[in-house]
> 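Got a structure for you, written out below as C-alpha cells; questions coming shortly.
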Amino acid sequence: MRNAFASEITAMAAEDPRVVLLSGDIGNRLFDDLRGRFPDRFINCGVAEANMMGVAAGLAMSGLRPVVYTITPFTTTRCLEQIRVDVAYHEAPVVIVGTGAGLAYADLGPTHHSLEDFAIFRAIPNLQVVAPWDSPSLRSLLRDAVQSGKPTYMRIGKKGEKDIPAGEPLKIGQVRETRSGSDVCILAVGTIAPEALKAADQIKTKFGLSCRVVLIGTVKPFSLDALKPLLTGVKTVVTVEEHAKTGGFGEQFAAAAAQSGLDLPITCLGAHDEFMHQVGTQSYARAFFGIDAAAIAAAVRSALPIAA
Amino acid sequence: MTISAATRSNRVEPNAVRRTVLDMLYRSKASHLGTNMSEIEILIAIFGAVDCIKIRDHAPDRSRVIISKGHGAAATYATMAHYGIIPFALLDSYHSNGSKLAGHVSHGVPGVEHSTGALGHGLSVAVGAAIGLRSRGFSSVPVFAVCGDGEIQEGSIWEAVMLARHLNLSNLVMLLDNNRISSITDTDKVIDLRPIERRFAGFDVFSCTVDGHSTEAVSAAIQRSLASGKPGVIVCDTIKGKGVAFAEGQPIWHYRSLNDDLYRQAIDGLI
C-alpha cells in the first residue's frame, strides 16, 4: 500500500500545485519520483513530528493541501495535541497518513503498533477517519480526502496487500459488499479484510453457512443507514478490525445498532486490552489478539450454536 | 461601562492599550493580567509593521501574526481593536457567555490567525505559514510568532527553530516576551535558560535582545531580523504586569482578577 501511496501522491502533486508532502524522515527511496519532479513539494521535517503537524496546519492556512506521512504511532499519538488543536479545531485541510497501521509492524514491538487510533480520533470533532484495505481503495480515498478539504486521518498498511475487487472507486463514507451471503454478515475494517474473506471460506466449509463480507473504509463519519440494507436476512453480525475493542468501529456499530433497535446478535472482534510483549509476524499477532480468520469463524460458531 | 477607545492614529500608545486591557479584565473578572501587560509594546510593534487592512480582509498575502502565548488574548484583542482590525464594541463581550472572545486567542474572532492556548504550537504553525507563503510567491510577506519565555520549555519550539533555520525562512520572526515569570514562579527557578539569546544563537538564527517595553526598539529589531536573511528570534526583555505597580513582577497576577479598588488603582497608576 505504501508504494500505491507514493505513486498516487506523486500523481496528485502533478495535477494540483497545492499538494505538498511532509515526511518525518520516513520513506526511504519511496518518494524519489516526487522529490525529483517537485523538489519544493516534499518537505522532510525530520524526526520532529509535533512540529511537522503544526507546520502542516500552517501550510494549510496558506492555501496549500499538505499530506503528512510517517509511521502510524508517530503521526498520531506522538503529536496528538497538534492534531487536535492545530488541525482539527481549525478545520485545516490536512491529510494525516499513518503507514504500517494496526499490527503491520508486529515484529517491531508495541512502540510501532497502532491499535488506539480509531478510538482517539473518533472523539475529536471535524476529523474524518478512513482505513483503506488495498491499493485501489487507498488511491481513491486519498484523492477524496484531499478533495474534501476536511482534516482527515488515513491509516494504511505496509506492503504486499493483495487487491480485492470492489467495483467503483471508493468514496469516504461508502462501504463495499465484496462477497454475498445470506447467513452471516462480517463487517471488516480496513486492512483486516483478507482475514474476513478467509473466514468466510472457512465458515462455508466447516459450518455450511454463507457469509456476506462488507468492507468498511470509513470509521468516521459513521452511518448505520448505509449498513442496514446489508444486514437484512442474516442471523448474526461479526465486526473485525485491527484495532482495540475499546473505542473501535465495532463498539460504534454496536452502540448505533442497539439504539436503533436492530435485533441481531453482534460480536465485535478487536485487540484485547494488553500490550503484546511477544514478538511475531503480523499473522501471529492477529491470532494473539483474536482477529484472524480462525477467531472470526469461532465467533460465528459461538453466536450461532447451530453451526457447531 | 464601555471599553475605552483611544485616539486612533498610526501610532498606538501602549498605555491606551493597557487601559483597554484593564477595562476588559475588570469587566470580565478574568485572569492573566501579568502576561497581557508584558506583551503590549511587542504587539504594537508587530501590528505597526504590517498592513492591518489585509489582515482584517483576510487577504492571501496578509502578514501572519500568530500569538503562540494564547493567554495573552486580552492584549491581542485590544491591540487589534486599536489598529482597526476588530471593532472596539467586540471587546465588551470578552470572556462572557456566548462570546467568541475566549481567554485564549481564538480564530473564531476575525483577524485572529490561529487559536492557541496549548503552549508550544504557534511557532510550528508560523513555520508552516512561512513555507506556504514562500511557495505561493509571497516570500517577502513576514510571519510573526509571539511566544512566552515559559513557553519555550516546550520541546516543539526547538523543533520549529531547527526546521526554520534548515529551510532558512528569513520571513519568520519570533518575538519572545521574556517577562521571566511563568505560571507559578520565576522561569529561572523552573528551568534556567539564561542567557536566552545564546540558546537561540546556537541554532544559527538571527538573534538579538531588546527592551521589550520600547516599541521603537522592538520595531527596529523586527526590521533588522527581516533584513538578516535568516529566521529571527527577538528576545524582548519585559516586566510581567508592566504598568500596574502592584502587579509588576508578581507571579500571583497570572491568576488574580481585579476588584473595584484595584481596577481604579491600576487605571490611575497609568501615566
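From a predicted model like this one, the values you see are computed outputs, not experimental measurements. Residue numbering restarts at 1 for every chain, and letters A, B, ... go by the order of the sequence lines.
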> Under a 4.5 Å cut-off applied to non-hydrogen side-chain atoms, are M174(B) and F200(B) in contact?
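Counting from C-beta outward, M174(B) and F200(B) do come under 4.5 Å.
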
> Which residues, numbered in order, of residues 37-47 of chain A come under 4.5 angstrom of chain B by heavy-atom distance?
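Residues in range: I43(A), N44(A), C45(A).
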
> Under 3.5 Å, is there a donor-acceptor pair between the T238(B) and N179(B) side chains?
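No - no donor-acceptor pair under 3.5 Å links their side chains.
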
> For residues 154-171 of chain B, pull every pair meeting salt bridge (charged side-chain N to carboxylate O under 4.0 Å, His left out), keeping only residues two or more places apart or in separate chains.
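Salt bridge (charged side-chain N to carboxylate O under 4.0 Å, His left out) check on residues 154-171 of chain B returns R165(B)-D204(B).
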
> Among G54(A), G63(A), A50(A), A60(A), which has the most heavy-atom pairs under 4.5 Å with chain B?
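The candidate making the most pairs under 4.5 Å is G54(A).
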
> What part of I66(B) lies closer than 4.5 angstrom to a heavy atom of chain A: side chain, backbone, both or neither?
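Interface part for I66(B): side chain.
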
> For the interface with chain A, which of S124(B), G120(B), A160(B) has the highest count of heavy-atom pairs at distances below 4.5 Å?
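Among S124(B), G120(B), A160(B), the one with the most close pairs to chain A is S124(B).
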
> Quick one: does K150(A)'s side chain get under 4.5 Å of E91(A)'s, heavy atoms only?
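K150(A) does not reach E91(A) side chain to side chain.
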
> Going by heavy atoms in the side chains, are T187(B) and L193(B) under 4.5 Å from each other?
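They are not in side-chain contact.
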
> Test of understanding: with salt bridge (charged side-chain N to carboxylate O under 4.0 Å, His left out), list the residues that count as partners of E8(A), not counting sequence neighbours.
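Testing E8(A) for salt bridge (charged side-chain N to carboxylate O under 4.0 Å, His left out), a comparison that skips the adjacent residues, returns R139(A), R143(A).
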
> Under 4.5 Å between any side-chain heavy atoms of Y105(A) and T111(A), yes or no?
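A side-chain contact under 4.5 Å is absent here.
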
> Can we say D177(B) and K69(B) salt-bridge, meaning some charged N sits less than 4.0 Å from an Asp/Glu carboxylate O?
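Yes, D177(B) and K69(B) are salt-bridged.
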
> So if I take each residue of residues 67-83 of chain A and look for any heavy atom under 4.5 Å from a heavy atom in chain B, which residues do I end up with?
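Contacts with chain B: E81(A), Q82(A).
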
> Check whether any side-chain heavy atom of Y153(A) lies under 4.5 Å from a side-chain heavy atom of K220(A), and answer yes or no.
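When only atoms from C-beta onward are counted, K220(A) and Y153(A) do not touch, as no gap falls below 4.5 Å.
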
> Would you mind reporting whether P151(A) and Y89(A) have side-chain heavy atoms less than 4.5 Å apart?
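Side chain of Y89(A) against side chain of P151(A), heavy atoms only: no contact under 4.5 Å found.
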
> Hey, are the side chains of L43(B) and I67(B) touching, using non-hydrogen atoms and a 4.5 Å cut-off?
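When only atoms from C-beta onward are counted, I67(B) and L43(B) do touch, with a gap below 4.5 Å.
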
> If we only count heavy atoms from C-beta on, is the V141(B) to N171(B) side-chain gap below 4.5 Å?
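A side-chain contact is absent here, since even the closest heavy-atom pair is not under 4.5 Å.
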
> Testing V129(A), I172(A), D144(A) one by one against T218(A) for a side-chain contact (heavy atoms from CB on, under 4.5 Å), which residue passes?
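So, applying the side-chain contact (heavy atoms from CB on, under 4.5 Å) to T218(A) and each of V129(A), I172(A), D144(A), only I172(A) qualifies.
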
> Considering only heavy atoms, which portion of A56(A) lies under 4.5 Å from any heavy atom of chain B: side chain, backbone, both, or neither?
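The answer is neither part of A56(A).
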
> What part of L163(B) gets closer than 4.5 Å to chain A, counting heavy atoms only: side chain, backbone, both or neither?
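For L163(B), the side chain is the part near chain A, not the backbone.
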
> Among H166(B), E113(B), H114(B), R64(B), single out the residue with the greatest number of heavy-atom pairs under 4.5 Å to chain A.
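Highest number of pairs under 4.5 Å: H114(B).
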
> Could you tell me which portion of S115(B) (side chain, backbone, both or neither) has an atom closer than 4.5 angstrom to a non-hydrogen atom of chain A?
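Both backbone and side chain of S115(B) come within 4.5 Å of chain A.
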
